[in-house]
Amino acid sequence: MLEKIRNEWKLFVQEQINEMAKNVLGDNAAVAELIIQIPPKPELGDIAFPLFSYAKILRMAPNKIAEALKNKIDSLSDKPEGELILAGPYLNVKIDVLALATKLYKSVLAEGSDYGKSNLYDGKKIMMEFSCPNTNKPLHLGHMRNDSLGMSVSAILAANGAEVKKVNLINNRGVHICKSMLAYQKFGNGETPESTGLKGDHLVGKYYVKFAQWEKEDDTAVDQAKAMLVKWEAGDTEVLKLWKLMNGWTLEGLAVSYEKTGVSFDKYYYESETYKLGKDKVLKGLDKGVFYKEEDGSVWIDLEEIKLDKKVVLRSDGTSLYMTQDIGTAVARHDDFPFDSLIYVVASEQQYHFKVLFYILKKLGYKWAKELHHLSYGMVNLPDGKMKSREGTVVDADDLFDTLASIAKKEIQEKERETQVDGLDKTANAIALSALNYYLLQVSPTKDMVFDPKKSISFTGNTGPYLQYMGARISSMVRMFEELKNSYASYSFDSSFLKEEEERELIKMVALYPEIVEKAGRDLDPSVICSYLYDLTKLFSKWYHDNKILKAEDNNFVVARMGLSTLVLQVIQNAFPLVGITFLESM
RNA sequence: GCGCCAGUAGCUCAGCUGGAUAGAGCAAUUGCCUUCUAAGCAAUAGGUCAUAGGUUCGACUCCUAUCUGGCGCACCA
């Protein structure tokens, strides 16, 4: 709605400038496109048009242009709604916010949970690949950023009209998997999750760490692991049995972690099933001349066209590589779900891999190849540097979540809110999860980030729980208002009772929401929504701190302010699921 | 060596396609709870936007160089 008003004014002002230019320069004056901005201060209006760039053409100082434009427009009768403000070299517009509020009130209530959805990706099928864990260890903080991003971007794309398919690719084969298996075989003594009380993935992870220690003492360790992989590929029953057992443990453990952190998929792929898929495509590409064969039998692609080196796509012994597999998997996926676009959520360290993969698929003639995207995200570091599994500095996902949940629980108890809340543990978990997701998503995906475990457990300030708290506060007012509904039966929402500065700003922010969803969808960037949510709730917070809402002196004010609060609440409820925040009625 | 990315307050991060005095949170100091949940609100303090040039009426934003940090450049995944 805001966008519409802005564009109306833009077109209109542009027209006036064009006319002015014509008078000075004649008919074919080339006039630059008008720039739209938001004024830095509310008293400067709601829309700003900087006029610097016209000074030369019109041979006038920008201030004079603004003046001339204002006079010209004020004299016209047929113009968009709003009031012009002179602000030096800027021509600003103060829009009719109360009229906007009236329209907004109707449409937001009518659209409900659909408010803010866009049709940006209407009719598009988008596949999202994320998580993709190894089955040799539990999830850590790095995975959590991946999962948060994957879930959030999926939700954002869906809110923009796309049909989204979330897929996971379980990395369950390879030497690294054999390492934990081998260590277990040697030192495991038949331990099981039941006998140790350990979660399956943690038990397996224990032996992955064990391998790293053993490897230092025995230099045949790696060779033994490689030998095990050969056996695995040959279908050795003993090895396969162990593999199935341990993989099962890990997957059970991962399922618990996913469940806890609200991560879910529409389909799972397993590397043990996909790793051979690409070979066929590579051989066909060889026939077509996309690849070439070396004397030793290995198959390569020359990447000169994209200014890169050469890359192997098939080993000399004919076996598949990571690249081979990804070629095959992409094709198989397109067969499963004919996507218009496939987005890989994978850490930035693999940028090269995806550049090459996309190029190869394009060369192989798949027309959908140009719609493949690598949503590359930065590393998660700790205050004292990188996470290193070998040095035991990784932040374990389950531990972190449990710590956060227990702190949240303590908070609720300290505030004596147990009875107000919908289940102590349930609420504590929801707070922990929201804190975590918000922490991970508020940073632009492409950037590396620092995760300070000590600071991340804070629930005050710009955090997920703060947003939840605002949602709960508004919900609480709405509940009280519902109870008193009869006393307000003869009053209806009238925006003219919303005259406070903050109310104007809140109305505009509510109107802005659809654009935010669209921007987040276009940029594949959840942080856009995080920033918006924080700005919105902070503003609301200040407003309701300074003004009485339910207890306003006049019923007209109560109804108007509750109306506005309801709009804000609706936006919050619609936006939370896009960034992994649980909406709580009470906390 | 080559390529990609980043460098904004003590710390963690925003800053839209160049535009009006560079913004938050945390940490610090200080006010505000018999009144809609203080997980809150407000105030003070904190900056040569890595450095040096350039483009422009105008640069945190674009270009070049330099410095610093990260990542990549496997018949590993």
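Lettering follows sequence order; numbering is per chain, from 1. What you are looking at is a predicted structure, and each value in this text was computed from that prediction instead of being measured.
- Ranking B:rA42, B:rA39, B:rC36 by closeness to the A:Ile412 side chain, first place goes to B:rA39.
- The CD1 atom of A:Ile65 sits 18 Å away from the P atom of B:rA20 (whole-angstrom rounding).
- Here, B:rG46 and B:rG53 have their C1' atoms 30 Å apart, quoted to the whole Å.
- For A:Lys307, no side-chain nitrogen or oxygen approaches OP1 or OP2 of B:rC2 to under 4.0 Å.
- At whole-Å resolution of the value, CD1 in A:Ile407 and C1' in B:rA39 are 13 Å apart.
- The residue A:Ile549 sits close to a base: some heavy atom pair falls under 4.0 Å.
- No side-chain donor-acceptor contact under 3.5 Å links A:Gln420 and A:Ser586.
- The listed nucleotides are B:rU37, B:rC73, B:rA39; the one nearest the side chain of A:Ala472 is B:rU37.
- Heavy atoms of A:Pro383 sit nowhere under 4.0 angstrom from any nucleic acid atom.
- Side chain to side chain, A:Tyr544 and A:Arg473 meet the donor-acceptor criterion of an N or O pair below 3.5 Å.
- A:Asp523 comes within 4.0 angstrom of no nucleic acid atom, judged by non-hydrogen atoms across all strands.
- Out of B:rC36, B:rG72, B:rG15, the shortest distance to the side chain of A:Glu349 is found at B:rG72.
- Under the 3.5 Å distance criterion, with hydrogens and angles disregarded, no donor-acceptor pair is assigned to the side chains of A:Tyr208 and A:Asn134.
- Contact annotation for A:Ser586: base contact, defined as any heavy-atom pair under 4.0 Å involving a base atom.
- In summary, the aromatic rings of A:Tyr488 and A:Phe481 are positioned with their centroids under 6.0 Å apart.
- With sequence neighbours excluded, no residue forms a side-chain hydrogen bond (donor to acceptor under 3.5 Å, both in side chains) with A:Asp280.
- What separates CD1 of A:Ile35 from P of B:rU61 is a distance of 17 Å, to the nearest Å.
- The shortest distance between the side-chain N/O atoms of A:Ser531 and the OP1/OP2 oxygens of B:rA14 is not below 4.0 Å.
- Distances were taken from every side-chain heavy atom of A:Met477 (C-beta onward) to each of B:rG72, B:rA77, B:rC36; the shortest belongs to B:rC36.
- Nucleic acid contact class of A:Ala408 (heavy atoms, under 4.0 Å, all strands): none.
- Taking atom C1' on both B:rU51 and B:rU17, the two are 27 Å apart, rounded to the nearest angstrom.
- Remark: the A:Asn146 side chain and the A:Tyr377 side chain contain an N/O donor-acceptor pair separated by less than 3.5 Å.
- For A:Tyr352, taking side-chain heavy atoms from C-beta onward, the closest of the listed nucleotides B:rG72, B:rC4, B:rA77 is B:rG72.
- The residue A:Met449 sits close only to the backbone: its heavy atoms come under 4.0 Å of sugar-phosphate atoms, none of a base.
- Base contact: A:Asn547 has a heavy atom under 4.0 Å from a base atom.
- In this structure, the nucleotide among B:rA14, B:rU21, B:rU37 sitting nearest to the side chain of A:Tyr469 is B:rU37.
- Using a 3.5 Å distance cut-off with no hydrogens or angles, the side chains of A:Tyr322 and A:Glu271 do not pair a donor with an acceptor.
- B:rG10 sits 31 Å from B:rC4 when the C1' atoms are compared, rounded to a whole Å.
- Along RNA chain B, the nucleotide closest to A:Asp309 and the one closest to A:Ser320 are compared, and the more 5′ of them pairs with A:Asp309.
- For the 3.5 Å distance criterion, the side chains of A:Trp543 and A:Glu503 qualify, holding a donor opposite an acceptor.
- The separation of B:rC60 from B:rG18, taken at their C1' atoms, amounts to 10 Å, rounded to a whole angstrom.
- Between the P atom of B:rU12 and the CG atom of A:Leu441 lies a distance of 19 Å, rounded to the nearest Å.
- Between B:rC62 and B:rG15, the distance separating the two P atoms is 12 Å to the nearest Å.
- Taking the side chain of A:Thr460 as heavy atoms from C-beta on, and the options B:rC76, B:rG72, B:rA39, the nearest nucleotide is B:rA39.
- Within the 4.0 angstrom heavy-atom criterion, only backbone atoms of the sugar-phosphate kind lie near A:Glu271; the bases stay farther away.
- As rounded to the nearest Å, B:rC2 and B:rU8 have P atoms that lie 25 Å from one another.
- Note on A:Lys548: a base of the nucleic acid sits closer than 4.0 angstrom, heavy atoms only.
- Mapped onto RNA chain B by nearest heavy atom, A:Ala552 and A:Lys519 fall at different nucleotides, with A:Lys519 at the one closer to the 5' end.
- Among the protein residues, A:Lys41 comes within range of the nucleic acid bases, having at least one heavy atom under 4.0 Å from a base atom.
- Taking atom CG of residue A:Leu303 and atom P of nucleotide B:rG72, one finds them 19 Å apart after rounding to whole Å.
- For the pair A:Arg333 and A:Tyr269, the cation sits on the ring face: its NZ or CZ lies under 6.0 Å from the ring centre, inside 45° of the axis.
- Set against B:rG25, B:rU37, B:rA20, the side chain of A:Tyr534 has B:rG25 as its closest nucleotide.
- Here A:Lys447 reaches the OP1 or OP2 of B:rG7: one of its side-chain N or O atoms lies under 4.0 Å away.
- Looking at heavy-atom distances under 4.0 Å, A:Tyr322 makes contact with a base.
- The same atom, C1', is picked in B:rG70 and in B:rU61; the two are 22 Å apart, to the nearest Å.
- In this structure, of B:rC41, B:rC57, B:rA6, it is B:rC57 that holds the atom nearest to the side chain of A:Ser53.
- Using a 4.0 Å heavy-atom criterion, one finds that A:Ser541 contacts the sugar-phosphate atoms exclusively.
- Here OG1 of A:Thr427 is found 8.5 Å from CE of A:Met587. Values are rounded to the nearest 0.5 Å.
- Contact annotation for A:Lys415: base contact, defined as any heavy-atom pair under 4.0 Å involving a base atom.
- Dashed line: the shortest gap from a side-chain N or O of A:Thr446 to OP1 or OP2 of B:rA6 is not under 4.0 Å.
- Separating the CD atom of A:Gln351 from the C1' atom of B:rG3 is a distance of 10 Å, rounded to the nearest angstrom.
- Here B:rC33 is in the syn range [glycosidic angle within 90° of 0].
- Look at the C1' atom in both B:rC32 and B:rC11: the space between them is 27 Å, to the nearest Å.
- Counting non-hydrogen atoms under 4.0 angstrom, A:Leu314 reaches nothing in the nucleic acid.
- In this entry the distance linking CZ of A:Phe459 with C1' of B:rG25 reads 16 Å, nearest Å.
- A straight line from CG of A:Asp452 to C1' of B:rG10 spans 14 Å, rounded to a whole angstrom.
- With B:rA77, B:rA74, B:rC13 as the choices, the nucleotide that has an atom nearest any side-chain atom of A:Val312 turns out to be B:rA74.
- Using a 4.0 Å cut-off, no side-chain N or O of A:Arg479 falls inside it from OP1 or OP2 of B:rC36.
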